[in-house]
Amino acid sequence: MHLTIATWNINSVRLRQAHLHQLAARLKPDVICLQETKVPDDLFPEAIASELGFPHLLKRGMKSYNGVAILSRLPLTLAEDTPDWCGKSDCRQISASVESPGGPVTIHDFYVPAGGDIPDRTANEKFAHKLDFLAETRAHFLKYKPRRAVLVGDLNIAPLEQDVWSHKQLLNVVSHTPVEVDALNSWRETGFHDAIRHFVPADQKLYTWWSYRNRDWAASNRGRRLDHIWVTPDLVPALHSHEVLREARSWEQPSDHVPLAVTLAL
DNA sequence: ATGGTGGATACTCCA
């Protein structure tokens with residue numbers, strides 16, 4: 001069995017429903033994890049899921065900000081026991097499992113706080129929130145010891161030098177500071193492999209996000225790899241292929257993030 | 001060094 005899991009920061013699911021058809025056509029995923037849906041659960045455009053051939057839908061949203069959702073061709077079992085990160089109830093994680101021949105695979109869909117502009121936890125409470133969030137997720141997965149799990153999402157950190165357009169120029173820019181990179185690595189090292197870097201060597205540039213604040217995103221190409229797919233070691237032998245849908249940044253009225261996917265041969 | 005754009009909401013916050 002092949003299982004393709006896609007992740008995308010859609011930046012408003014109500015505004016970009018049509019793009020989901022393109023995502024499904026290009027990546028042919030079995031599961032789509034979304035972040036920044038920006039809609040309360042009772043206003044989620046549920047019809048889009050069945051239109052796409054994804055009859056199974058789980059969502060955790062709120063008004064205006066954040067929000068995550070999982071659309072699936074296969075039945076989903078919601079993980080009910082996810083923590084309330086930083087006590088904020090701000091809809092940054094939803095997790096579920098799907099059945100596969102070797103047993104269930106758990107999918108964790110995360111939207112990590114962006115962290116504001118100033119990389120200083122005392123001067124900027126959003127940066128403090130980001131670091132606290134990362135410390136809590138690390139502690140949780142240290143205790144939980146994930147198995148047969150895939151963790152995806154907008155983690156809002158580009159950990160490697162080649163994950164940003166200029167390592168030197170971004171060293172003090174939120175998303176690429178050493179303190180964030182260390183925190184993200186400490187979380188990942190609780191039991192995950194970077195599935196995208198399994199396929200793309202660390203010395204090759206790779207981005208999943210380009211700012212809106214650029215006249216010509218493709219020409220300047222000042223991107224960052226903020227979106228990730230991690231798998232537990234027991235799934236590393238199943239890693240079959242990957243795709244980063246760069247063309248999505250050129251879709252009409254695009255998200256500033258592009259979708260990516262990993263296929264597992266289970 | 002600065003400001004640039006976009007989404008949701010309601011005259012501002014967040015990215």
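Lettering of chains follows the sequences in order, A, B, ..., and the numbering in each one begins at 1.
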*asked:* Please tell me whether A:Asp81 and A:Tyr144 have a donor and an acceptor in their side chains that are separated by less than 3.5 angstrom.
replied: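 Side-chain D/A pair, A:Asp81 to A:Tyr144: absent.
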Whole-Å distance between [N] [atom2] and [X] [atom1]?
X        : N      : atom1 : atom2 : answer
A:Asp117 : B:dA1  : CG    : P     : 16 Å
A:Gln17  : B:dG7  : CD    : C1'   : 15 Å
A:Arg249 : B:dT5  : CZ    : P     : 13 Å
A:Gln169 : B:dA1  : CD    : P     : 12 Å
A:Asn9   : B:dG7  : CG    : C1'   : 11 Å
A:Glu36  : B:dT5  : CD    : P     : 19 Å
A:Ile10  : B:dA15 : CD1   : C1'   : 16 Å
A:Leu15  : B:dT5  : CG    : P     : 18 Å

*Between residues 118-136 of chain A and DNA chain B, which residues have a heavy-atom gap below 4.0 Å?*
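The answer is A:Lys126.
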*Please list residues of residues 206-227 of chain A whose heavy atoms come under 4.0 Å from any atom in DNA chain B, ordered by number; otherwise none.*
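Result for residues 206-227 of chain A: A:Tyr212, A:Arg213, sorted by number.
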Can you tell me, in whole Å, how much space there is between the [atom1] of [N] and that of [M]?
N      : M      : atom1 : answer
B:dG7  : B:dA1  : P     : 31 Å
B:dT9  : B:dA15 : P     : 15 Å
B:dC14 : B:dA10 : P     : 14 Å

Apply side-chain hydrogen bond (donor to acceptor under 3.5 Å, both in side chains) to [X] and list each qualifying residue two or more places apart in sequence or on a separate chain.
X        : value
A:Ser186 : none
A:Arg224 : A:Ser175
A:Asn185 : A:Arg188

*Should the ring pair A:Phe141 and A:Trp187 be called parallel, tilted or perpendicular, given that the plane angle runs from 0 to 90° and is split at 30 and 60?*
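Ring orientation, 0 to 90° scale: tilted.
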*asked:* Parallel, tilted or perpendicular, judged at 30° and 60°: which one describes the rings of A:Phe192 and A:Trp230?
replied: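 It falls in the tilted class, 30° to 60°.
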Could you list the residues that satisfy salt bridge (charged side-chain N to carboxylate O under 4.0 Å, His left out) with [X], not counting sequence neighbours?
X        : answer
A:Glu46  : A:Lys59
A:Arg197 : A:Asp163
A:Asp256 : none
A:Glu247 : A:Arg26

*Please figure out whether A:Asp256 or A:Gln253 has its closest DNA chain B nucleotide nearer the 5' end.*
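It is A:Gln253, whose closest nucleotide lies nearer the 5' terminus.
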*Closest nucleotide of DNA chain B for A:Gly115 versus for A:Thr37: which of these residues is on the 5' side?*
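First, find each residue's nearest nucleotide; the 5'-ward one identifies A:Thr37.
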*Tell me the salt bridge (charged side-chain N to carboxylate O under 4.0 Å, His left out) pairs involving residues 84-112 of chain A, sequence neighbours left out?*
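Output for this query lists A:Asp90-A:Arg92.
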*asked:* Restricting to ring-ring contact (aromatic ring centres under 6.0 Å, His included), what partner residues turn up for A:Phe199, sequence neighbours left out?
replied: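 Counting only residues at least two positions away or on another chain, A:Phe199 forms a ring-ring contact (aromatic ring centres under 6.0 Å, His included) with A:His242.
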Give me, pair by pair, the N or O atoms of the protein and of nucleotides 9-11 of chain B that are less than 3.5 Å apart, along with how far apart they are.
| residue | atom | partner | partner atom | Å |
| --- | --- | --- | --- | --- |
| B:dA10 | OP1 | A:Lys63 | NZ | 3.4 |

